[in-house]
Amino acid sequence: MAQSRTRTAWLLSTPALVVLFCAAAGPLMIVLVYSFLSPGEYSGVVWDPTLEAWFRVLFRRDIFDGTVSLADAHLTIFWRSVKLSLLTTLITFVIGLPTAWFIATRPARSRPLWLFLITIPFWTNLLIRTFAIMQVIRNEGILNTALLKIGLIDSPIQLLNTDTAVLIGMAYVYLPLMVLPLFAAIDRFDFRLIEAAYDLYASRWRVLRRIILPIIRPGIVAGSILVFVPSLGAYVTPRVLGGGRNMMLGNFIELQFGQGRNWPLGAALSMVLLVIVTLALLVYVRASSRDEERG
Amino acid sequence: MTTTAIEARAVTKRFGAGEITALDAVSISIAQGEFFTLLGPSGCGKTTLLRCIAGFETPTDGAILLSGSDITASPPNKRNVNTVFQSYALFPHLTVAQNIGFGLKMRGDDAAKVDKRTEEMLALVKMEQMASRRPEQLSGGQQQRVALARALAPAPEVLLLDEPLSALDLKLRKEMQSELKRLQSETGITFVFVTHDQEEALTMSDRIAVMSHGQLQQVGSPREIYTRPVNRFVADFIGETNFLEAEAKGDSVTLSTGDTLPLPGAGTGPITLAVRPELLRLTEPGEGDLTATVRDSVYFGTDWHCHLLLSDGTEVVARMQSPPTGESGIGKGQPVGLAFAPGALRVLED
């Protein structure tokens, strides 16, 4: 009986397992295998197993004398990706917390409307939204024109094609991903605890730090992961707003599969990105399982 | 000479654009070490008054004094007053011990002092075994004890309790009632207790303030409130009462039934008389002060409640102790006599 039920369960989950294999595990295996092969002449790979791609993730070999040195261009890109992703997470949190708080404290009747407004940007294609931001921040754009008009600046601020532009774009794009889990956490928060803490001699700042933030932490962690992970692999935003020079991991990987014609290196870099993301998720799991222990 | 712990001077609180008056010029003086109860139906303003004392609400008008100094404008974290909340409001991410120590820590006590006081408090509420538990691992009664310990730990001048027992079942509530009395006498702290349960108020309080529609109706000891209610609201809200319409003529009253009874100092004009059911006695027909017919009788174990109809149709309830057999010996429709115990008739102010 129990055995047949197990078999039924397996049979029923077969379609899901097939999709999961074809769409996730399979391609991932291909990427992994490619990272150990040699690049083809024009693109693709040739069946010549080597660790060269993995070596080149971190090091470079001089063409003429063969000396090995750190590939600091790669490290700069890694560092910029992580730095911009962390900053994006921080910015979305600082903006998202008051936003989520505002929505969660509205009357129950108007909350769906606010949440709906938060999700409206998702209705438009990312590329179009990113070009729209470009119109706002470019030298002849709305922002600079307005600032020049009111006399706050004498010459346009160069925002486009800088890290700041990428940051603005990513914060804008990923803000809803921070607001929604924060809202879910604050929605469940018992506001009477604020009065209880305030009654027990806690200042407003301490109420925030000792009571509110620890209790809504699952929402903070979830929102941070939801923003950090896609930021790390962001492609469109850094490409459009950062120009060609300020590459992030996503653009760098694309470059290897495109103009760089080095698929194995692209594959190896993809795996590196995957590892960073997995590490971030592990932090998340650990943080939320600590909540489980706390109950 | 008793000193005053809390004084409210003509405290008025209006909500919205002033259209809802939750408190209407309430003046009250609570003595040091007193167990003082604010009693009234929901919406009477008792919780609003408590929140004004705690500092969660700012009075629209009037002043609140703590040990003689005006605290009307100071925020809750600057008042030496702590609250036990109806929902307990324990911090879910902190242990029992951390919850109890929270106020001490926020006040800036050093770690050793916090630990020592926390242990004292755990012992006071008999929760030593639970120190490292989280609030959700505790039963309702245990959470209640932690909430009490947390509020008592900083040794406030006044402890405010906002219907703290309403979430507990009857048996536990009785236990916590005596526990609260014990804690109050052991700590000597002034307790201001809010409840809508008149029995709770009568059994626990030194003094009771009965409130209705944002106004004080009567302040007095439980016995005063029960035996000498000043108006119809108090008489009706505290215990059961029979109301009799009557015409006062100097030292006697004529009831709506036409019977005239002596009542010294009754005054003149139409009045309302209040009689507690336990002060009515059934007699043989023709004897006693009035005649009545039994409409129904209900057995309550310790006593029988007899619903009687007077000759003019007024319904009154008489309560009589159950005899050992449990039989009342009274049947529906039976004519009986009704006698008032001496002093049973009380003239109400309005």
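Below, all heavy atoms of this structure are taken into account, side chains as well, without hydrogens, waters or symmetry copies. Chain A is the first sequence line, chain B the second, and so forth, proteins listed ahead of strands; every chain is numbered from 1.
- Atom CZ of A:Arg204 has 12 or fewer neighbouring heavy atoms from other residues, nucleotides or ligands inside a 6.0 Å radius.
- With respect to chain A, the highest number of heavy-atom pairs below 4.5 Å among B:Leu104, B:Asn80, B:Thr95 belongs to B:Asn80.
- The 12-atom threshold is not exceeded at NZ of B:Lys113, counting heavy atoms of other residues, nucleotides or ligands nearer than 6.0 Å.
- Looking at A:Arg206, only its side chain comes within 4.5 Å of chain B, counting heavy atoms on both sides.
- Within 6.0 Å of atom CZ in B:Arg9, 12 or fewer heavy atoms from other residues, nucleotides or ligands are found, so the atom counts as exposed in its surroundings.
- Using a 4.5 Å cut-off between heavy atoms, B:Lys78 makes no contact with chain A at all.
- More than 12 heavy atoms of other residues, nucleotides or ligands sit less than 6.0 Å from atom NZ of B:Lys13.
- Counting heavy-atom neighbours within 6.0 Å of B:Glu19 CD, excluding the residue itself, gives a total above 12.
- Residue A:Phe21 places its CZ atom among 12 or fewer non-hydrogen atoms of other residues, nucleotides or ligands, all under 6.0 Å distant.
- Around atom CH2 of A:Trp101, more than 12 heavy atoms belonging to other residues, nucleotides or ligands sit under 6.0 Å away.
- How far CG of B:Leu94 is from CD1 of A:Ile215: 7.5 Å, rounded to the nearest 0.5 Å.
- Residues B:His93 and A:Ile211 meet the side-chain proximity criterion, which asks for heavy atoms closer than 4.5 Å.
- To the nearest 0.5 angstrom, A:Glu195 atom CD is 5.5 Å from B:Phe85 atom CZ.
- Heavy atoms of B:Leu90 lying under 4.5 Å from chain A belong exclusively to its backbone.
- Taking all atoms of both residues into account, the shortest heavy-atom contact from B:Arg150 to A:Ala196 is NH2-CB, 3.7 Å.
- With a 4.5 Å cut-off on non-hydrogen atoms, B:Arg51 touches chain A through its side chain but not through its backbone.
- Nearest heavy-atom pair, B:Val81 versus A:Tyr201, reported as atom, atom and distance to 0.1 Å: N-OH, 4.2 Å.
- The minimum heavy-atom distance between B:Ala89 and A:Arg192, with the atom names listed, is CB-O, 4.1 Å.
- The shortest distance between side-chain heavy atoms of B:Asn77 and A:Asp199 does not fall below 4.5 Å.
- We find the CG-CZ distance between A:Leu200 and B:Phe91 to be 5.5 Å, quoted to the nearest 0.5 Å.
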